[in-house]
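Encoded as structure tokens, the structure appears first; notes follow it.
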Amino acid sequence: MLQTAFIRENREKVIAALAKRNIDAAPLVDEVIALDEKRRHTQAELDSILSESNKLSKDIGELMKAGEKAKAELIKQKTVQFKDKSKELGETLTTVSEELLQALYKLPNTPADIVPEGKTPEDNLEVFAEGEIPALHEGALPHWDLAKKYDLIDFELGVKITGAGFPVYKGKGARLQRALIAYFLDKNTAAGYNEYQVPHFVNEASAYGTGQLPDKEGQMYHDAADDLYLIPTSEVPVTNLFRDVIIEEKDLPKLCTAYTPCFRREAGSYGAHVRGLNRLHQFDKVEIVRVEHPDKSYEALDSMVEHVKTLLQELKLPYRILRLCGGDMGFTSALTYDFEVFSTAQDRWLEISSVSNFETFQSNRLKLRFRDKDGKNHLAHTLNGSSLALPRVLAGLLENYQTPEGIVIPEVLRPYTGFDIIN
């Protein structure tokens, strides 16, 4: 959530920045400014009346002590009027403050200066690429056929149990999935990230805190009975560990990692690009989250990008990094880098990680602050990244490592799988 004071003092700058997202933010920005002006005016009027009412209450006390009851009664009548007016103003202030909050919720984050112009994924900027795309043997298969051939994943059984987008992993497929999770967590903790096991449901306050609500309400599974949401990513519960927290500056940064299943009500679409593991309603992901000093958050973002690169280098998967354009960035992000692996059998790139800096957008919602050496509180910066999302990593491994003899396991995973080939 953008800060009201920043919007008020930088109207043109905010509108110009949000234009990079291809939206005309002027009407909503002006609504925010008008509501903020009304809120501040109402607050000032209420404070004035309360101050005068307090003064009159002291005067009444002095008059009663002096035995001037008649004068005291006259002033009491005035305090009753003040009480009625302050109640009215308090109700107005509550209403206006809520309207202002709802207007602020509709404004996305302002993109960083280096975010490229653009409207669609085709406008994203490739900033790095590494790895050789393997030449597969004749008759090479996409991962959904490989999964069936080697009895690794049963998509039809998942449909029977739950529905489309809920696969069942079996045998060596399940072992490989578990190996990837353990490998990613071990790499993250070795890099200084503290591991957490977090709830898979969150309350409304948590979903608002990280920006999933109200923006992504239609994409989240909701339990109406308890008003809880299944998490779309562990970013939500992990970042909310620090909601309403003031961190001492000396204790920054906070580095966290967690494995969770993730649940998303993806829009129904069909075709080869969503077959198999390409798009799921339930999938596994290992996440990294950082809480940083504002002066160091972009250095931290670079560090996170380098960390994800090491994972893909060790897995020896061909990948590229994209800096997302304004039109393709998430609602809460100031700058996002997407990682994509090349699926040789599908002849296309598959997104497997997003690494983002949210600056103060989430921390303003979360009231996540740090206290500097002078005792002053400031909003921290939050960042997160996938390291990594498993379905498309698994798809890339199955397809790129297939041979006529079977699917070779990357060396780095063999201590975790206990086998070196699927055949």
Using only atom types and a distance under 3.5 Å, with no angle test, would you say the side chain of [X] pairs donor to acceptor with the backbone of [Y]?
X: Ser51; Y: Asp47; answer: no
X: Asn400; Y: Thr344; answer: yes
X: Asn364; Y: Met1; answer: yes
X: Asn109; Y: Phe358; answer: yes
X: Asn124; Y: Cys325; answer: yes
X: Lys285; Y: Leu390; answer: no
X: Ser97; Y: Leu93; answer: yes
X: Arg348; Y: Ser343; answer: no
X: Asp145; Y: Pro142; answer: no
X: Asn10; Y: Lys13; answer: no

message: My understanding is that only residues two or more places apart in sequence, or in another chain, count here; which of them pass side chain to side chain contact (heavy atoms under 4.5 Å, CB included) with Lys309?
response: Phe128, Val305, Glu306, Gln313, Tyr319, Ile321, Phe339

Qualifying residues under side chain to side chain contact (heavy atoms under 4.5 Å, CB included), relative to Leu241, sequence neighbours excluded: Tyr196, Val238

Classify the ring geometry between [X] and [Y] as parallel (under 30°), tilted (30 to 60°) or perpendicular (over 60°).
X: His222; Y: Tyr229; answer: parallel
X: Tyr208; Y: Tyr105; answer: tilted
X: Phe370; Y: His293; answer: tilted

Can a salt bridge be assigned to the pair [X] and [Y] using a cut-off of 4.0 Å between side-chain N and carboxylate O?
X: Lys187; Y: Glu314; value: yes
X: Asp244; Y: Lys367; value: no
X: Asp36; Y: Arg39; value: yes
X: Glu299; Y: Lys296; value: no
X: Lys119; Y: Asp328; value: no

query: What's the verdict on side-chain contact (heavy atoms from CB on, under 4.5 Å) for Ile407 and Ile421, showing C-alpha distance, side-chain angles and the deciding distance?
result: CA-CA 5 Å; Ile407 301 166; Ile421 193 169; 5.7 Å; no

query: Does NZ or CZ of Lys172 come closer than 6.0 Å to the centre of the six-membered ring of Phe419, within 45° of the ring's axis?
result: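 Relative to the ring axis of Phe419, which defines the angle, Lys172 lies inside both limits.
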
If you look at every heavy atom in [X] and [Y], which pair is closest and at what distance?
X: Pro111; Y: Ala17; value: CD-O, 3.3 Å
X: Val412; Y: Tyr183; value: CG2-CE1, 3.5 Å
X: Tyr298; Y: Ala334; value: OH-CB, 3.8 Å
X: Ser353; Y: Val308; value: OG-CG1, 4.1 Å

Is the number of heavy atoms from other residues, nucleotides or ligands under 6.0 Å of [X] [atom1] greater than 12?
X: Lys216; atom1: NZ; value: yes
X: Glu248; atom1: CD; value: yes
X: Glu9; atom1: CD; value: yes

- prompt: From Leu317 CG over to Ile352 CD1, what is the distance, rounded to the nearest 0.5 angstrom?
  reply: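 The distance works out to 8.0 Å.
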
Which side-chain N or O atoms in residues 376-385 pair as donor and acceptor under 3.5 Å with protein atoms at least two apart or in another chain?
| from | atom 1 | to | atom 2 | distance (Å) |
| --- | --- | --- | --- | --- |
| His378 | NE2 | Asp372 | OD2 | 2.8 |
| His381 | ND1 | Ser297 | OG | 2.8 |
| Thr382 | OG1 | Gln362 | OE1 | 2.8 |
| Asn384 | ND2 | Glu287 | OE2 | 2.3 |

- request: Identify which one of Arg275, Arg392, Lys148, Glu399 satisfies the side chain to side chain donor-acceptor pair (under 3.5 Å) criterion when paired with His143.
  value: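 Only match with His143 under side chain to side chain donor-acceptor pair (under 3.5 Å): Glu399.
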
